[in-house]
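Quick notes on the structure that follows.
Below, each value reflects all heavy atoms present in this structure, side chains not excepted, and no hydrogens, waters or symmetry copies. All of these numbers come straight from a predicted model, not from anything done at the bench.
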Amino acid sequence: MWCVARLEISRLFLSPFAWIMLALVQFLLAYMFLSHIEYFAQIQGQISAIPGAPGVTEMIIAPLLSNAALVLLLIAPFITMRAFADEHRNHSLPLLISAPLSASQIVLGKYLGYLGFFLLQLVLIALMPLSLLAGSAIDLYQFGVSMFGLFLLVASFLAAGIFLSSLTTQPIIAAVMTFCLLFLLWIIDFAAASAVSGQINWLAWLSLLGHFQPMLSGQINSVDLSFFALFCMVFILMTIRRLDAARLSL
Amino acid sequence: MTILLEAQNLSRYFGPNVAVQNIDITVKRGEILGFLGPNGAGKSTTMKMLSGNLAPDKGEIHINGFDLLSQPKQAKAQLGYLPENPPLYRELTVIEYLQHCARLNQLRGKQLKSAVATVIERCGLGDVQRRLIGQLSKGYQQRTGIAQAIVHNPAVVIFDEPTSGLDPLQIRQIRELIRELANEHSVILSTHILPEVEMLCDRVQIISKGQVMFADSLKALHQQRLNSSLKITLAAPPELNELQTLMNVSTVEAISANQFRIIYHPEQDPTENLIASAVSKHWQLQELVREQDSLEDIFMHLIKDDSPLAEVKN
């Protein structure tokens, strides 16, 4: 399992793809980070008089991480499309299949590999809010919970992406499908919000955003944690089934 | 000799189409089995099944005593596989790639290093080991693919058309490499190139339309010859009838005024007779070439025939 993860990570970092992605995401988020700081510096004077006014954490870090979630939603499909669709096209999957590894080891290995890559991305993102410590106090607990939430969110993106990648032999189709699914799950909340109140709102429960938002404000709800855990597990299990089934039907 | 790979009654259907039906395969230690058939006969399907990439609809596969279906990990550890398209990662260098392959096959630490070093030397990859696989020529890529299949020192190595798309020199090198490998591993070689089988294999299995048409040693395949012939050139030829009446000659064809083809049964060789007559009767023999039914003819005969010519005997 770990050797598959290691293979995945080294393949990622040996192509310029991973580096460019890390750099561009960092650049985009740095720009947003700076504009949030600027905005905060402008209104700081006015809101400081109000008791219980939002501080640096609410005004800069929360929106930054919210933006980061959206950016990661955009790039995750391009990483996960490599998982199986690319291997199929490259004819390199037999290497893993003929190795003494089970399907779950292959899938989990790939998943962990990508998770490792995004962990690095998250560390890079976390450095920006942490740099605020030089000039201001921030709510480290809220920040920590938000980062944890972002991590769970990315873990869900990857699980869904890997599954969709195993369905097709065209990487681009895998990427587009992943993006559409994730985006749908992101905005499904909007429809839920406008639904007539009193109905059982299962659409809201499906929303990734709906489960991420509370974590941004520092809440850890067991319902959110179990949602993300279920989400990842379902997609990973489906990928394992799919890989096993490919042997039977190919 | 111990049997390293044994497959029984392998069948595989794609929807209503039969890809492979009731194929039995046995490979002993140190043996090269040639798996021969025209394109689309089910060679690759069989190779995929033997390597665990495709589950058979019926039948069993045992590799070094482990059942591929119920003990896949132990069985696959004994197996090296080079598919038709070598499973390479173009962005890795040769040495990095082989290290990952060894790691996937559970080699660690010192063992891994020495295994990779050995395989690089054996496959002649020393000069290119630090180059990216994507930049290598097809021949070196194919060698890297072979290296990948044998890095963990498996009992059985399966090659699916290892020489396709290579130039003659590369083909020769790869063949030499495969012959060398057979000293330590059992090799199954699928190919549609006859001379390759003739050069490399100890035993041949010919399949056509998913069924085994012939399975025996190469020697037995040669004995399948129906006729043999001699081509002679005589400067002062006699009448055709005179040639016809020579001992052991079954028919004579005149190719041109001076050239004749003399057809005989393989067991009754008229050569000596012919030369003696030619000398004593001053026919002025200029050329005598032994024309055997080529393997090609036998092959065509076998796969065209609807019923299997030879009983399947392993």
Verify the distance criterion only: is there a donor paired with an acceptor across the side chains of [X] and [Y] at less than 3.5 Å?
X: B:Ser190; Y: B:Asp160; result: yes
X: B:Gln170; Y: B:Arg143; result: no
X: A:Gln213; Y: A:His211; result: no
X: B:Arg29; Y: B:Thr2; result: yes

Best-contacting candidate, B:Leu79, B:Thr93, B:Asn85, against chain A by heavy atom pairs under 4.5 angstrom: B:Asn85
Option in B:Pro86, B:Gly80, B:Pro87, B:Pro72 with maximal non-hydrogen atom pairs under 4.5 Å from chain A: B:Pro87
Side chain, backbone, both or neither: which part of [X] has a heavy atom under 4.5 Å from chain A?
X: B:Glu91; answer: both
X: B:Glu84; answer: neither
X: B:Leu88; answer: backbone

Contact listing (chain A partner; residues 109-140 of chain B; heavy atom under 4.5 Å): none
A:Thr169 (side chain) donor-acceptor with A:Ala85 (main chain) under 3.5 angstrom: no
Step through the shown structure and confirm whether more than 12 heavy atoms of other residues, nucleotides or ligands are within 6.0 Å of [atom1] on [X].
X: B:Arg175; atom1: CZ; result: yes
X: A:Phe183; atom1: CZ; result: no
X: A:Phe13; atom1: CZ; result: yes

Pair A:Tyr114 + A:Phe118: ring centers closer than 6.0 Å: no
Largest heavy-atom contact set with chain B, pairs under 4.5 Å, which of A:Ser98, A:Ala99, A:Ser15: A:Ser98
